[in-house]
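Below is one structure; the comments refer to it alone.
Just so we're clear, the structure is a prediction, and the values are computed from it rather than from any experiment. Residue numbers begin at 1 in each chain, while the letters A, B, ... track the order of the sequences.
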Protein chains: 2
Amino acid sequence: MDLSELLRERGMRVTSQRLLIERALREHGGHLTAEQVHDLVEPALPGVTQQTVYSTLALLADLGVARRVVAPGTTRFEAAADSHHHMVCERCGAIEDLHARVPLAAATRAAREAGFVPDSAGVTVLGLCARCAAAS
Amino acid sequence: MDLSELLRERGMRVTSQRLLIERALREHGGHLTAEQVHDLVEPALPGVTQQTVYSTLALLADLGVARRVVAPGTTRFEAAADSHHHMVCERCGAIEDLHARVPLAAATRAAREAGFVPDSAGVTVLGLCARCAAAS
DNA sequence: ATTGGTGCAAATCCTTTGCAATAGC
DNA sequence: GCTATTGCAAAGGATTTGCACCAAT
């Protein structure tokens, strides 16, 4: 299902801001801060404000099209394509994808048993990225 | 090893702020925001500033005595005692402990292979806490 | 006596909010 | 034309920084 349809289906308006921000997220592939998203779409949308980026990212997250990745200092966003895990550098805050198969069914089941309604689950590995490890 | 020794060993000063903040973290057991930590130690340390709390928490995290838990909106801190997982409510930001056995060796090994130097790893389940789920 | 820590104040950064203008329906 | 979205401006909250005083060594 494509974003335009999804928006129309919910009676929301299809704007170039929404389409372009979603595309930027999808094409970049990485974990972007709101500011990076702004800079990415600015050429195509001269004058977009950071606030529009924020509200659009929140909307995309609500729609399930984007995913919020909590990071030290700032929230980052990624396209909600495939599920993967994250390595977070404790020194510089960089986030990298981690591809590993981890069985999480037990975790989500335990969460559900605790009264929690799970939406998604993932592994976060904290440590030092290669660059910061080399520098110390 | 106790905090006083740890500090002395590194040539750092043993202050009541450091000892009491660490104790508050350990005795409370939960995931505290810097502000909550401040309010907890304020009775015993009249006039402590939020800045002292911040720098002390950063120090404790560096020493490995406390652990930073990245949460939406604000960073939280917990005593670095036992390793457990977290459920994070996407609506209200609450964090709860999740007790489940999840094999993470594969994840840390994959991280190491990617040049990352893992420090700790844990599962984060995103979703709605019982209270927020009931309210919607 | 030294100097690392703390308190105090102000600055900075990220994010949200209020309102008028604009653009999608 | 109606109203959700955007842009603009400002506020708010979390965290950091700079500097002078105090206290641990």
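- Atom CD of B:E42 and atom P of C:dG7 are 10 Å apart (whole Å).
- Taking side-chain N and O atoms only, B:S55 has no distance below 4.0 Å to OP1 or OP2 of D:dT16.
- Toward the 5' end of DNA chain D, the nearer of the two residues B:G73 and A:T49, judged by each one's closest nucleotide, is A:T49.
- Straight-line distance from the CG atom of B:L57 to the C1' atom of C:dG5: 15 Å, rounded to whole Å.
- Atom P of nucleotide C:dA23 and atom CG of A:L19 are separated by 16 Å, given to the nearest angstrom.
- Put simply, CZ on B:R18 and OG1 on B:T52 are 9.5 Å apart, with the number rounded to the nearest 0.5 Å.
- Taking side-chain N and O atoms only, B:Q50 has no distance below 4.0 Å to OP1 or OP2 of D:dG13.
- Of the side-chain N and O atoms in A:T15, none sit less than 4.0 angstrom from OP1 or OP2 of C:dG24.
- Among the heavy atoms of the strands lying under 4.0 Å from A:T75 are primed sugar atoms or P, OP1, OP2 only; no base atom is included.
- Taking every heavy atom of both residues into account, A:I95 and A:A71 meet most closely at CD1-CB, 3.5 Å.
- Here the closest non-hydrogen pair linking B:C129 and B:C89 is N-SG, 3.4 Å.
- Phosphate proximity of C:dT16 to A:Y54: absent, as no side-chain N or O sits under 4.0 Å from OP1 or OP2.
- Under 3.5 Å, the side chain of B:R13 and the base of C:dG5 form no donor-acceptor pair of N or O atoms.
- What separates NE2 of A:H38 from C1' of D:dC8 is a distance of 12 Å, to the nearest Å.
- A straight line from CZ of A:R10 to P of D:dT5 spans 12 Å, rounded to a whole angstrom.
- If you check D:dG7, D:dT6, C:dG5 against the side chain of B:M12, the one that comes closest is C:dG5.
- Between the C1' atom of C:dA23 and the CG atom of A:L45 lies a distance of 14 Å, rounded to the nearest Å.
- Residues A:V88 and A:P72 meet the side-chain proximity criterion, which asks for heavy atoms closer than 4.5 Å.
- Taking atom CD of residue B:Q36 and atom P of nucleotide D:dT15, one finds them 11 Å apart after rounding to whole Å.
- Rounded to whole Å, atom P of D:dC8 lies 11 Å from atom CD of A:Q17.
- Using a 4.0 Å cut-off, no side-chain N or O of B:T74 falls inside it from OP1 or OP2 of D:dA14.
- A sub-4.0 Å separation between OP1 or OP2 of C:dG18 and a side-chain N or O of A:Q51 is absent.
- No close placement of the A:H99 and A:H85 rings is indicated, their centers lying 6.0 Å or farther apart.
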